[in-house]
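Residue numbers begin at 1 in each chain, while the letters A, B, ... track the order of the sequences.
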Number of protein chains: 2
Amino acid sequence: MRRTKEQAEQTRCAILVAAEALFLEKGVAHTSLEHIARHAGVTRGAVYWHFENKAHLFHELLSQVRLPPEQLAERLSACAERDPLLALRELCIEAIENLACNPQKQRIFTILLRRCEFTDELREAELRHAAFIAQFIALCEQQFDLPGVRPRLQPGMSPRLAARTLHALIIGLLHDWLRDPTLFDPLSDTAPMIDACFRGLVRDWQQA
Amino acid sequence: MRRTKEQAEQTRCAILVAAEALFLEKGVAHTSLEHIARHAGVTRGAVYWHFENKAHLFHELLSQVRLPPEQLAERLSACAERDPLLALRELCIEAIENLACNPQKQRIFTILLRRCEFTDELREAELRHAAFIAQFIALCEQQFDLPGVRPRLQPGMSPRLAARTLHALIIGLLHDWLRDPTLFDPLSDTAPMIDACFRGLVRDWQQA
DNA sequence: CTATTTACAGACAGTGGTGTATGTAACTAG
DNA sequence: CTAGTTACATACACCACTGTCTGTAAATAG
């Protein structure tokens with residue numbers, strides 16, 4: 001029996017939800033479309049109707065949320081008023097806290113970091129991810145290279161190194177926290193850690 | 001025709017080499033034992049003779065090298081003379097540089113980070129890895145908590161937060177660099193980045 | 001020199017997955 | 001009201017992979 005458009009959209013969502021759960025539990029490669037269909041209460045026919053194949057399904061799953069690196073890049077390009085470094089600091093903290101408050105983002109980012117193999121099948125998703133990271137680093141570097149900011153860098157620290165350091169710390173924090181959420185509390189511990197990083201990069205770093 | 005013991009060991013190595021290359025290229029889950037055997041110039045019979053299954057093969061592949069986190073934990077527990085923080089700094093730098101000079105370690109760490117899905121099949125390897133990370137963080141925390149060190153921490157920075165910050169930076173650096181080796185040069189850029197981190201964690205940080 | 005074990009190769013059965021093709025009932029456009 | 005389309009379910013053909021079993025020649029032990 002054919003469904004109405006709403007119902008169809010509903011099964012599409014159910015398939016995405018099932019895929020998210022199964023990818024997280026068993027990994028992308030070890031999850032078959034049959035598994036996903038069963039878990040969503042449909043058959044593979046429905047899955048193939050809504051999605052071309054597993055790679056496309058994966059891609060649309062990722063499209064549901066803006067990941068932290070993407071958020072950062074987007075928002076950084078927006079606000080340029082105030083102290084650029086303070087703005088950057090707050091965006092970094094906010095991105096991590098935001099992830100900590102959004103379970104779906106946690107799941108999807110966990111899938112990206114620990115439940116999928118970046119091979120040619122998922123190359124598109126990988127490239128997209130890499131592009132956003134490059135964009136983020138470039139924007140960071142740009143912030144550190146502003147005329148009013150650059151002289152504030154510690155001796156021996158270039159804008160590009162500062163940007164790479166900051167990005168590494170953020171990625172490492174996300175990586176560690178998603179692996180073991182008991183390692184630290186994102187809401188209370190993120191700010192001191194990010195501040196420590198800035199303190200090491202910039203001479204006159206202090207906060208209220 | 002049966003081989004001598006040396007020859008057998010040789011084919012065992014050939015299988016490991018083939019597995020390493022194929023895991024890196026196509027991911028662990030997408031590499032079959034048939035692929036590995038063919039690539040090594042033998043049949044699956046040989047693979048099953050030397051290894052119980054793919055998970056065990058994977059595990060023995062990892063056993064070939066000490067990964068950076070493991071190295072750190074091992075060496076940190078050894079040397080306790082001198083300034084503990086300087087020793088810690090040098091070990092961190094050395095671990096990253098060491099990875100940069102060892103292509104096999106690069107491949108295996110890349111496989112761990114981006115070419116395998118940590119699901120129940122590989123749970124053993126995952127647990128081992130997690131155990132070493134926990135050990136490293138604990139040792140770092142211990143270093144930062146030494147009576148002569150703890151007062152040197154920046155205000156608002158606890159030993160455990162410092163340890164987690166340092167580990168996140170290292171993991172992030174490795175992750176970023178393995179994803180894109182052009183991001184920075186490990187041999188020249190590692191020290192400034194690690195120093196920046198220490199500078200943000202410790203009050204009186206300066207180097208020669 | 002014989003018996004036994006080793007180090008594989010090759011074959012087999014079984015499972016599970018993919019992509020596609022077809023069927024079909026119900027929605028929807030005109 | 002009826003064509004056409006949509007949203008699937010079902011069936012089919014085909015391949016890939018796994019694990020195991022057997023065969024076997026050569027190394028090795030005694």
Side-chain angles (χ1 to χ4, degrees), chain A residues 1-19 21-23 25-61 115-117 119-125, chain B residues 1-61 115-117 119-125:
Chain A
M1 55 256 180
R2 182 183 160 205
R3 315 294 155 77
T4 172
K5 290 210 174 199
E6 305 177 29
Q7 289 174 320
E9 181 58 25
Q10 205 171 332
T11 71
R12 199 189 115 99
C13 287
I15 292 170
L16 282 169
V17 167
L22 290 174
F23 286 168
E25 183 191 340
K26 326 213 288 178
V28 175
H30 294 92
T31 300
S32 70
L33 297 185
E34 176 74 27
H35 288 147
I36 296 173
R38 263 173 162 44
H39 197 271
V42 293
T43 68
R44 257 172 54 245
V47 177
Y48 274 105
W49 173 256
H50 287 284
F51 307 95
E52 197 170 328
N53 52 36
K54 193 159 76 172
H56 282 70
L57 171 55
F58 180 76
H59 188 261
E60 300 224 11
L61 185 63
R115 298 289 194 278
C116 74
E117 304 180 349
T119 173
D120 29 355
E121 187 189 358
L122 306 181
R123 190 118 304 164
E124 193 186 355
Chain B
M1 56 252 181
R2 183 187 160 201
R3 317 292 157 77
T4 172
K5 290 210 174 201
E6 305 176 28
Q7 290 174 318
E9 180 61 23
Q10 206 171 331
T11 70
R12 199 190 113 100
C13 288
I15 292 169
L16 283 169
V17 167
E20 187 183 302
L22 290 174
F23 286 168
L24 182 63
E25 182 192 341
K26 324 212 290 178
V28 175
H30 294 92
T31 300
S32 71
L33 296 185
E34 176 75 27
H35 287 146
I36 295 173
R38 262 171 160 47
H39 197 270
V42 294
T43 67
R44 259 172 53 242
V47 177
Y48 275 104
W49 173 256
H50 287 285
F51 307 95
E52 198 170 328
N53 52 37
K54 190 159 78 172
H56 281 71
L57 172 55
F58 180 76
H59 189 260
E60 301 223 10
L61 185 63
R115 297 289 194 279
C116 75
E117 303 180 348
T119 172
D120 29 355
E121 187 188 359
L122 305 180
R123 190 117 306 165
E124 192 186 354

Colleague: Distances under 3.5 Å between protein N/O atoms and the N/O atoms of nucleotides 13-17 of chain C, please, pair by pair.
Modeller:
unit_1, atom_1, unit_2, atom_2, d
dG17(C), OP1, His35(A), NE2, 3.4

Colleague: Quick one: does Leu122(A)'s side chain get under 4.5 Å of Glu117(A)'s, heavy atoms only?
Modeller: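 A side-chain contact is absent here, since even the closest heavy-atom pair is not under 4.5 Å.
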Colleague: Evaluate the side-chain proximity of Leu57(A) to Leu16(A): yes if any heavy-atom separation is below 4.5 Å, no if none is.
Modeller: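 In contact.
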Colleague: Check the distance between dA7(C)'s C1' and Arg3(B)'s CZ and give it to me in whole angstrom.
Modeller: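 To the nearest whole Å, that distance equals 7 Å.
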Colleague: Return the residues of residues 37-48 of chain B meeting this criterion: a heavy atom under 4.0 Å from some atom of DNA chain C. Order them by number, or give none.
Modeller: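 Output list: Val42(B), Thr43(B), Gly45(B), Ala46(B).
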Colleague: Heavy atoms, side chains only, cut-off 4.5 Å: are Phe51(B) and Arg12(B) in contact?
Modeller: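 Sidechains of Arg12(B) and Phe51(B): in contact.
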Colleague: Return no unless some side-chain N or O of Thr4(B) is found under 4.0 Å from OP1 or OP2 of dA7(C).
Modeller: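 Negative; the distance criterion is not met.
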Colleague: By a strict heavy-atom criterion of less than 4.0 Å, which residues belonging to residues 8-23 of chain B are in contact with DNA chain C?
Modeller: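 Contacts with DNA chain C under 4.0 Å: Ala8(B), Thr11(B).
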Colleague: Please tell me if the side chains of His35(A) and His30(A) come closer than 4.5 Å, counting only heavy atoms from C-beta onward.
Modeller: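 Sidechains of His30(A) and His35(A): no contact.
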Colleague: Would the base of dA27(D) count as contacting Arg2(B) through its side chain, where contact means a donor and an acceptor less than 3.5 Å apart?
Modeller: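 It does, because a donor-acceptor pair links the side chain of Arg2(B) to the base of dA27(D) below 3.5 Å.
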Colleague: List the atom of Arg115(B), the atom of Phe23(B), and the distance in Å for their closest heavy-atom pair.
Modeller: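 What the structure gives for the nearest pair is CB-O, 3.6 Å.
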Colleague: Salt-bridge test for Arg38(B) and Glu34(B): reply yes if a basic N is under 4.0 Å from a carboxylate O, no otherwise.
Modeller: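 Here Arg38(B) pairs with Glu34(B) in a salt bridge, since their nearest N and O are under 4.0 Å apart.
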Colleague: Here's a test of your reading of the structure: between Lys5(B) and Trp49(A), which maps to the more 5' nucleotide of DNA chain D?
Modeller: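 First, find each residue's nearest nucleotide; the 5'-ward one identifies Trp49(A).
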